[in-house]
Amino acid sequence: MARAYDVVDIEKKWQRRWADEGTYEVDADDPRPPWYVLTMYPYPSGPAHMGHVRNYTFGDLLVRHRTMLGYAVLSPFGFDSFGLPAENAAIKTGTHPRIFTDARIVELKESITSLGAVYDWRREIHSHDPEYIKWNQVIFQKLLADDLAYRANAPVNWCPGCQTVLANEQVLADGSCERSGDLVIKRDLEQWFFRITKYADELLAGLDDLDWPDRVKTMQRNWIGRSEGAEYDLVVEGRDGSDGRPALALTVFTTRPDTSFGMTYAVIAAEHPLVDELTTPGQGPEVEELRARAAASTDIERMSEDRAGDLTKRGAFTGSNVINPFTGQPVPVYVADYVLMGYGTGAIMAVPAEDTRDWDFAHAYGLPIVRTVQPPAGWDESGGPDGGPGGAYTGPGEKINSEWLNGLDIPTAKARAVEWLESKGIGRPKVNFRLRDWLVSRQRFWGCPIPIVYCPTHGIVAVPEDQLPVLAPDDVEFLPTGESPLATSDKFRLTTCPTCGGPATRETDTMDTFVDSSWYFLRFTDPWTPDKPFDPEKARHWMPVRQYIGGIEHAILHLLYARFYTKALVDVGLAPEGLREPFARLFTQGMIRMDGKKMSKSKGNMIAPSTYFTTVGADALRLFHLFAGPPADDVDWTSQTDSVIDGCGRFLDRVWRLAVPSDDVIPEQRSGEMTVEDLSIRQATHRLIDRVSRDYERWSYNTAVAACMEFVNVVQPYARAGGHAEVVADAVDTLLLLLAPMTPHLAAEAWEHRHGDHIHERQWPLSDPTLAVEVTVTLVVQVNGKVRDRIEVDPAIGEVEAEHLALASSRVVEDLAGAAPRRVISRPPRLVNIVV
RNA sequence: GCCCGGGUGGCGGAAUGGCAGACGCGAUGGACUCAAAAUCCAUUGUCCGAAAGGGCGUGCGGGUUCGAGUCCCGCCCCGGGCACCA
């Protein structure tokens, strides 16, 4: 599409100007109030895609708008530059990940600049910069010193085909490796963890005060998964210690201690340490088979066997019984794969009557069922698949079959049961979390090395700060071997102990890249300090981020880790006291979809933004993204989208011709006394300020754009018909100021033509309240809720006056045909409804 | 299965309980032009009607209200998240 002005030249010109003049560089001593806006720093994957464009358009608009409102806006940019694609490329092509990554950064930076997005580039950081690696490692040491980092054995995802450990993200939904397609298995390895669970309660409570989308908060709450209940011991039958053998008990966790009288069996996880001890010789083969199956299968497989599957393959009797302390009766202990070692105690008391999973299992194994809550009338006892409500009953009700709990409601019974357990010394109240500690070890090359040395005499030794950063050597073998590529480099691995100087080996794992992104926003506040990750005073000045922008895909991991890290950094003394939450406000934009699928490289349905930069221009593309619909909604990229983008370009052309007219288009304009029409344009101008300002505040950019379009539809004919020069000038200038954050190049160039100075250094326009009010409004007259007439009235019209006007309407008189209205609802100045 | 979103013209989407469909795309007609592009003007939910005008209409069924796209109850469909968490 041919545009009315030289889009490419003008856009390049202003992009250079903003950079050269440092328009958006700010420092902490700036007298203006601080306002920190941040768009999630991207993984550098090459030129920007449409998702980036959408993301950075919203961010840039905010930067420019807030600046015009008089804030010192901190708008930094950086790259989440460690990660797998670079390493995979290295395996494939032999190119060093740094070379690969640096090239991708140049490309992405170029397209972000072409979009017209502005940043304080002095603050640019890359996760793979030695400086950043150093501070990442310093923080790791601090966490280690405060026992927030620790080493433990843990199962990891192992791909037999690639002979390597995989990140969870690399394991597909069906449990296979994303690269080789082999089935991923679990392997136990020594790994590093961060103690995020220490903050579980605070991470949960902190959500309440955050101005975040509810859906993200809900996802985090579910992820943290706090549940209150009790833990208690089940003595193994015949192992109470009375016969001289040591006593043996199984500890179980339950959220329903009130149902204990209904416990008819117990279950332990296949990986539970007591499995061997509990299994009697006769049951050995059966238990062993189940165990083997559980070990070989992924979690995904366990689930896919599911309820419809063959339940009889999911458990095995151990041959042992435990005593239900409430009834004193023995119940059998099963091993089953529906109980997970990783949660609670890895063992449960099973109450089939009040738990659906236990119900299904009990049915498959012919175990007894005892109800302890009275189900409502009509509850189907058999719980048949095609019947109505039935089976396990988990709702509220009166306790039954429970001796001293009978007649109580569930909450009271829970409390009584816990009191009883405590008084007997066999149980206690217990809160469990679904949240696990954060496993940060990655058997990968392209990440931040974990700065640890293993010494035969001193064990785990932190590399001292003056020897940081620990950097990976360049000459390593990338081919997958099953260990971190760093382990193949003796030059790297073999070292001396910092404590005793004796021979020692380095940790060869690197950190999860989510570690890098857990504090980069803090580094941005002060990327220059030489002796610490950042100056806490600088962080105090800018933090928290007033508006954080990013994709919903980070709703849990990144956003939870960053919250944890911020709290941990405060506690180890690196971040300012009192800072608890990093992101005060979060916005998650919708994604771009094509044919119903997410637009992504792997799906091969990418639309390159660069093709638009060189044709309709960045402004038109930005306007499209703003105009397409509510920012939080997904955008469908269809065959019609190009037409809509052209439409945005057409609108900008109209603005251009209005703002920078050539003599043959706009006739001579009047001056002097103003007419009624002049005044109405003037009023429309001030109403536009109000409307657009309000829409900016509520993130309703599509309606803000619509308002501007409507305005041009009115002003253009007015100007062409020779409007009042002053009124036209005011209208056009206002329009440009309101558009400046959305379509910055056009606004800047047109403004320069008109005034010679820089529009983005101007203040956001303020409306004159006396002009912004509406002069007349349309009073709608209804009879029985149906519109019968419209009357132009003074907005200050009273209730009675409006009623009189309505009743006097000829249309109403005709409709009433002499009948008296039963009732008149008068809601001046918009509506009168006459009921007959 | 559970938890969130969301269903409005041919399409994207507007609408503090008060004129449903703003704005844009597309389409149709017109002006300009030798012609086209660009630009400008007009029409564009649907049905009845020559018109004036009127009926119907926001996934379905009820309800509250003078008045419901909007609030309440019960469904249907679509999208997303979580999914043996005891």
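Lettering of chains follows the sequences in order, A, B, ..., and the numbering in each one begins at 1.
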Worksheet item: Residues in side chain to side chain donor-acceptor pair (under 3.5 Å) with Asp646(A), at least two apart?
Response: none

Item to complete: Examine G12(B): is either OP1 or OP2 under 4.0 Å from a nitrogen or oxygen in the side chain of Arg593(A)? Give yes or no.
Response: no

Discussion item. Students often get this wrong, so: under 4.0 angstrom with heavy atoms, is Lys217(A) touching a base, only sugar-phosphate, or nothing?
Written reply: nothing

Worksheet entry | Face-on cation placement of Arg593(A) at Trp637(A) ring, 6.0 Å and 45° thresholds | no

Discussion item. Is there a side-chain contact between Arg434(A) and the phosphate of A83(B), meaning an N or O under 4.0 Å from OP1 or OP2?
Written reply: yes

Response to the item:
Per-nucleotide protein contact along nucleotides 20-33 of chain B, 5' to 3', at a 4.0 Å heavy-atom cut-off (B base, S sugar-phosphate only, - neither), is --BBSBS-------

Worksheet item: What residues form a side-chain contact (heavy atoms from CB on, under 4.5 Å) with Ala632(A), not counting sequence neighbours?
Response: Phe587(A)

Distance-only donor-acceptor pairs under 3.5 Å for side chains of residues 786-798 of chain A, two or more places apart:
unit_1, atom_1, unit_2, atom_2, d
Arg788(A), NE, Asp815(A), OD2, 3.1
Asp789(A), OD2, Ser809(A), OG, 2.6
Glu792(A), OE1, Thr776(A), OG1, 3.0
Glu792(A), OE2, Thr778(A), OG1, 2.8
Asp794(A), OD1, Ala796(A), N, 2.7

Practice prompt. Using a heavy-atom cut-off of under 4.0 Å over every strand shown, decide if Arg811(A) touches base, sugar-phosphate, or nothing.
Written response: sugar-phosphate

Worksheet item: Can a side chain N or O of Gln716(A) be found less than 4.0 Å away from OP1 or OP2 on C40(B)?
Response: yes

Item to complete: Begin from the C-alpha positions of Tyr265(A) and Asn324(A) and carry the test side-chain hydrogen bond (donor to acceptor under 3.5 Å, both in side chains) through to its verdict.
Response: CA-CA 9 Å; Tyr265(A) 63 100; Asn324(A) 178 342; over 6 Å; no

Worksheet item: Which value, in whole Å, describes the distance between the P atoms of nucleotides G21(B) and U58(B)?
Response: 14 Å

Discussion item. Would you say Lys786(A) places a side-chain N or O within less than 4.0 Å of OP1 or OP2 belonging to C56(B)?
Written reply: yes

Item to complete: Grab the stems for RNA chain B, please: at least three consecutive Watson-Crick or wobble pairs, both distances below 3.5 Å, written as range with range.
Response: B:1-7 with B:76-82, B:10-12 with B:23-25, B:26-31 with B:39-44, B:45-48 with B:53-56, B:59-63 with B:71-75

Discussion item. Below 4.0 angstrom, which residues in residues 820-835 of chain A have at least one non-hydrogen atom near RNA chain B?
Written reply: Arg823(A), Ile825(A), Arg827(A), Leu831(A), Asn833(A), Val835(A)

